[in-house]
2 protein chains.
Amino acid sequence: MGGRDATKPVTARAAKPTIVQVAAAAGVSPTTVSHALNGKGRVDEGTRAHVERVAASLGYSANRYARGLRSGRFAAHALLLPVALGRGGSGALTLDYYMRLASGVAAELFAHRQLLVLVPPVPDAGAVASIPVDGAIVVEPTEGDEQLAALREAGLPTVTTDRDPDHPDDPWCVTSDLGRGTTALLDHLAGEGATRVALVLPDARREWPRAVESAYDEWCDRRGSAPVVERVALAARAHAVHAATCALVDAKPAVHAILVGAERFVPAVMDALADRGVRVPHDLLVAACVDGNHARGAAPPLTAFDLRPELQARAAVELLLARVSGAAPTGPTVVRGALHVRASTTRSHARVRSSRAASAERGTRQSH
Amino acid sequence: MGGRDATKPVTARAAKPTIVQVAAAAGVSPTTVSHALNGKGRVDEGTRAHVERVAASLGYSANRYARGLRSGRFAAHALLLPVALGRGGSGALTLDYYMRLASGVAAELFAHRQLLVLVPPVPDAGAVASIPVDGAIVVEPTEGDEQLAALREAGLPTVTTDRDPDHPDDPWCVTSDLGRGTTALLDHLAGEGATRVALVLPDARREWPRAVESAYDEWCDRRGSAPVVERVALAARAHAVHAATCALVDAKPAVHAILVGAERFVPAVMDALADRGVRVPHDLLVAACVDGNHARGAAPPLTAFDLRPELQARAAVELLLARVSGAAPTGPTVVRGALHVRASTTRSHARVRSSRAASAERGTRQSH
DNA sequence: CTGAAAGCGCTTACAG
DNA sequence: CTGAAAGCGCTTACAG
C-alpha cells in the first residue's frame with residue numbers, strides 16, 4: 001500500500017492530506033474516495049461511511065484548485081460593487097448598504113460551500129473576466145457598464161442586483177420594489193399633512209433613481225400637484241446637496257416635506273435644514289428613499305424605505321447558482337422592502353416619545 | 001504543430017486559449033511561453049516580446065487554478081471580518097469602517113494580481129483553514145479567537161489588524177495609534193473648556209477598547225481628575241447605550257464632555273442627549289474615538305479620530321505578502337490616524353459657520 | 001536561450 | 001460496487 005509514501009520527507013508545514021493518502025488509509029482507491037465524498041457514482045454505503053470517517057479523522061478536504069482545474073468549476077463567485085462615487089474613499093462604499101449586501105452574499109455562498117471573491121471597483125474591465133470564478137453578481141450596473149459588458153462577452157454567468165439599464169428585460173436580476181416604496185413614503189407624508197413634497201433626486205445612470213423618479217411623477221400626477229425636483233449627481237459633494245436643499249427651503253409655494261432620493265445625501269440635507277433654522281418634523285417633514293446608517297442616525301431619525309440587502313443577497317445567490325447550473329430563467333426576483341416610520345415624519349411629539357419608550361422596554365425585556 | 005487540435009470539437013462558450021495554443025501560435029514551446037510571461041528563466045528579449053504580443057492578441061490569461069495547483073500558490077487571500085455584533089444584521093458590519101477596509105484590501109491585493117476572498121463571520125472555524133488561499137487577514141481578533149487559532153494551527157500565514165490580545169507581541173500585525181488619538185481628543189476637549197470628560201467604553205475582548213481605556217485612565221491620572229466611565233457591551237442594543245448616556249448626564253459633579261468609545265454607539269448617545277434636552281456643543285461636548293458615517297452624519301457632526309482604514313488595508317496587504325513570501329518580521333505597522341475637529345466640540349458658533357462656509361467655497365471652487 | 005517531460009491533486013469517462 | 005488511467009492547464013527542475 002504505497003510504500004513509497006513512507007520515505008517521503010515530511011513537509012515543514014502542517015501537511016494537508018491528499019486524496020491518495022486518504023485512499024491508502026481507507027484501503028480503497030482514490031476514485032472511490034472521490035465518489036464517496038462527492039456522492040457521485042455507486043459506492044457501497046458501508047464503504048462510503050468508512051471513507052468519510054477516515055477523511056474526517058485525517059482532516060482531509062479536497063484541494064479546491066485541483067478540483068476546479070479538473071471539473072471546470074471553481075466553486076467561487078465574484079461580487080462587483082459599484083464604482084466608487086466621488087473621491088478619496090468617501091464615496092458610495094462608505095454606505096453600510098453595500099456592506100450588508102456583501103456580507104449577505106458571502107454568508108449565503110459559504111452556506112453552499114462556495115467562495116466570494118470581492119472585486120474592487122474599476123480594475124481593468126478585461127481583467128475582470130479572467131478571474132477564476134463560476135459566476136458574478138454585479139451590483140447596480142450603470143448604463144453602458146463596461147465591467148458587466150466584459151463579463152457578458154466572456155460568457156460568464158452573471159446576475160445583477162437592480163436592473164441593467166441596457167437590458168431592462170434581462171430575467172437574471174434581483175430588484176427591489178423601490179417604486180412602491182416611494183409611493184408608500186409619499187402617501188405616508190400626505191397622511192401626515194404634507195401635500196407638497198419635494199424630491200432630491202440623484203442623477204445617476206442607474207435603474208433605481210429612475211424608479212424613484214417615475215413613482216414620484218406618477219404620484220404628483222395623480223394628486224394634481226406640481227413636481228418639485230432638485231437633481232444632484234450621486235457623487236456630488238456635500239455643498240451641492242446643501243445648496244439643493246436650500247433651494248427647496250426657499251421654494252415658492254413652500255414645500256411641506258422633502259424626500260431624499262439617496263441615503264448619502266442625508267447628512268448634507270439635515271445640515272442645510274439646521275443651518276436655515278428649519279426644524280424637523282415641526283416645520284418640515286423629511287424621509288429617505290433608502291434606509292441606512294445615515295437615516296437611522298440622523299437627528300431626528302428619518303423615516304425611510306429599507307431595501308433589505310440581506311434578502312437581496314440571498315435572492316442573488318440563488319439566482320446565480322441556478323444560472324450557473326444551466327437552469328432556465330424564471331424572471332427577475334423582486335425583494336419587497338419595508339417602510340420604517342420614524343420621528344422625522346411624526347408630528348405628534350407624544351407619539352414619538354411613546355414609541356421610543358416602548359421599544360426601549362421591549363429591548364429590556366428581551367435582554368433578560 | 002499539434003494536428004490533433006484541429007479535430008477538437010469547438011466548445012460552446014467563448015473558448016479561453018490555453019498556454020498550448022499560445023505556444024503554437026507563437027511557434028515556441030509552452031515552457032517558453034510560461035517563462036516569457038512570468039519573467040522566469042532566460043528568454044531572448046525578442047522572443048519574449050513576440051510571445052507577449054501573441055498572448056495579448058489571443059486574449060490569453062493563465063488559468064489561475066492550474067497555476068495554483070502546480071505552484072502551490074493560490075494568488076488569493078482571505079479576509080475575516082469580526083463576528084457580527086448583535087443580531088439581525090445591525091451589528092458591526094453595518095459600519096462603513098469595515099467596508100472601507102475590505103474595499104481597500106481588495107484593491108491593494110488586486111494591484112498585486114491577487115484575489116480577495118471575503119469570509120463571512122462565524123462559519124465553521126475548522127472550515128476556514130481549508131479555504132484555498134495563501135494567507136489571511138484577521139480583523140480585530142478577540143481574546144481566544146477561534147478562527148484565528150484555527151488558521152494558526154493550520155499553518156496559514158496570517159496578519160491581524162489590531163493586535164491579537166492572545167499574542168500582543170506578534171510582529172505580524174497592523175495597529176493604529178488610537179491611544180494617542182484618544183489623548184489628543186481629550187486634550188482637544190480640555191482646550192475647549194471641558195475638564196471633566198466621561199467615557200462610554202465598549203466592553204469587548206479586543207485590543208482597541210483597551211487602548212482607549214488606558215489612554216483615558218492615564219490622562220485622568222495626569223490631570224488629577226476622577227475617571228467617569230460607563231461600560232456598555234459592544235453589541236449592546238440602543239437602549240443600553242441610551243441608559244448609559246442618561247447616567248452620565250445625571251452624574252454629580254456634572255461632566256463637561258462625553259467621549260464615545262465605539263462609533264456604533266453614536267446615534268443612541270445623541271438620541272439620549274436630545275431626549276434629555278442637552279444641547280451639543282452648547283451644554284455638553286461630544287466626541288467619538290472612531291470616525292465614520294455615524295460621527296460625520298450626526299447633528300451636529302462629531303469630532304472624531306479617523307483610523308484611516310485605507311492605509312491600514314494597504315499596510316496589512318504589504319505585511320501579508322511579505323509573510324507569505326517568507327520574509328522576516330519587521331515588527332507591527334502602526335498606521336497614524338487623523339483627528340477631525342467638527343461642530344460637536346466647537347463652542348464658538350461663528351467658527352463653525354465660517355468653517356462650513358469656507359469648505360463650501362472650497363468645494364465650489366474645486367468643482368469648476 | 002529553448003524545450004521535452006514530469007507532476008501538482010483532483011474528477012471523469014471507461015472497464016471490469 | 002470498485003479501480004486503473006487519462007488529463008484538466010500550468011510551472012518547474014532538468015537537459016541540451
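Numbered from 1 within each chain, the chains take letters A, B, ... in sequence-line order. Computed from a predicted structure; not experimentally measured.
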(message) Whole angstroms only, please: what is the CG-P distance between B/N38 and D/dC10?
(response) 10 Å

(request) Considering only NZ, NE, NH1 and NH2 on the basic side and carboxylate oxygens on the acidic side, decide whether A/D170 and A/R152 come within less than 4.0 Å. (result) yes

(request) Give the minimum heavy-atom separation between A/A36 and A/R48, together with the two atoms involved. (result) O-NH1, 2.9 Å

(request) Would you kindly give the CD-to-P distance between A/Q21 and C/dC8, to the nearest whole Å? (result) 11 Å

(request) Take the protein atom CG of A/D44 and the nucleotide atom P of D/dG3, then report the distance between them rounded to whole Å. (result) 11 Å

(request) Name the closest nucleotide to the B/L69 side chain, picking from C/dT11, C/dG3, C/dG9. (result) C/dG9

(message) Checking contacts here: which listed nucleotide (C/dT11, D/dT12, D/dC10) is nearest the side-chain heavy atoms of A/R67?
(response) C/dT11

(message) How long is the straight-line distance from CD1 of B/I19 back to CG of B/L58, given to the nearest 0.5 Å?
(response) 12.5 Å

(request) Please report, rounded to the nearest Å, how far the C1' atom of C/dC1 is from the CD atom of B/E45. (result) 12 Å

(message) With a cut-off of less than 4.0 Å, is there a side-chain N or O of A/T47 near OP1 or OP2 of D/dT2?
(response) yes

(message) Measure CG/A/L37 against C1'/C/dT12 and give the value in whole Å, please.
(response) 16 Å

(message) Is B/N63 close enough to D/dC8 that one of its side-chain N or O atoms is under 4.0 Å from OP1 or OP2 there?
(response) no

(message) The side chain of A/A66 is closest to which nucleotide in this list: C/dC10, D/dC1, C/dT2?
(response) C/dC10

(request) Provide, to the nearest angstrom, the distance between the CZ atom belonging to B/R48 and the P atom belonging to C/dT2. (result) 10 Å

(request) Write down the distance between NE2 (A/H35) and P (C/dT11), rounded to a whole number of angstrom. (result) 9 Å

(request) State, yes or no, whether a side-chain contact exists between B/L321 and B/Q114 at a heavy-atom distance under 4.5 Å. (result) yes

(message) Under a plain distance cut-off of 3.5 Å, with no hydrogens placed, do B/D164 and B/H167 share a side-chain donor-acceptor pair?
(response) yes

(request) Calculate the interatomic distance between A/I19 atom CD1 and D/dA4 atom P; express it in whole Å. (result) 13 Å

(message) I want to check one thing: is the phosphate of D/dT2, taken as OP1 and OP2, less than 4.0 Å away from some side-chain N or O of A/S29?
(response) no

(message) Does C/dT11 have its OP1 or OP2 closer than 4.0 Å to a side-chain nitrogen or oxygen of A/K40?
(response) no

(request) Sort out the partner of C/dA13 for me: Watson-Crick or G-U wobble, both distances under 3.5 Å, none otherwise. (result) none

(message) Side chain of B/T18, heavy atoms from C-beta onward: which of C/dT2, D/dC10, C/dT12 has the nearest atom to it?
(response) D/dC10

(request) Choose from D/dT11, D/dT2, C/dA13 the nucleotide whose nearest atom is closest to any side-chain atom of A/T31. (result) C/dA13

(message) Checking contacts here: which listed nucleotide (C/dT12, D/dT11, C/dG3) is nearest the side-chain heavy atoms of A/S34?
(response) C/dT12

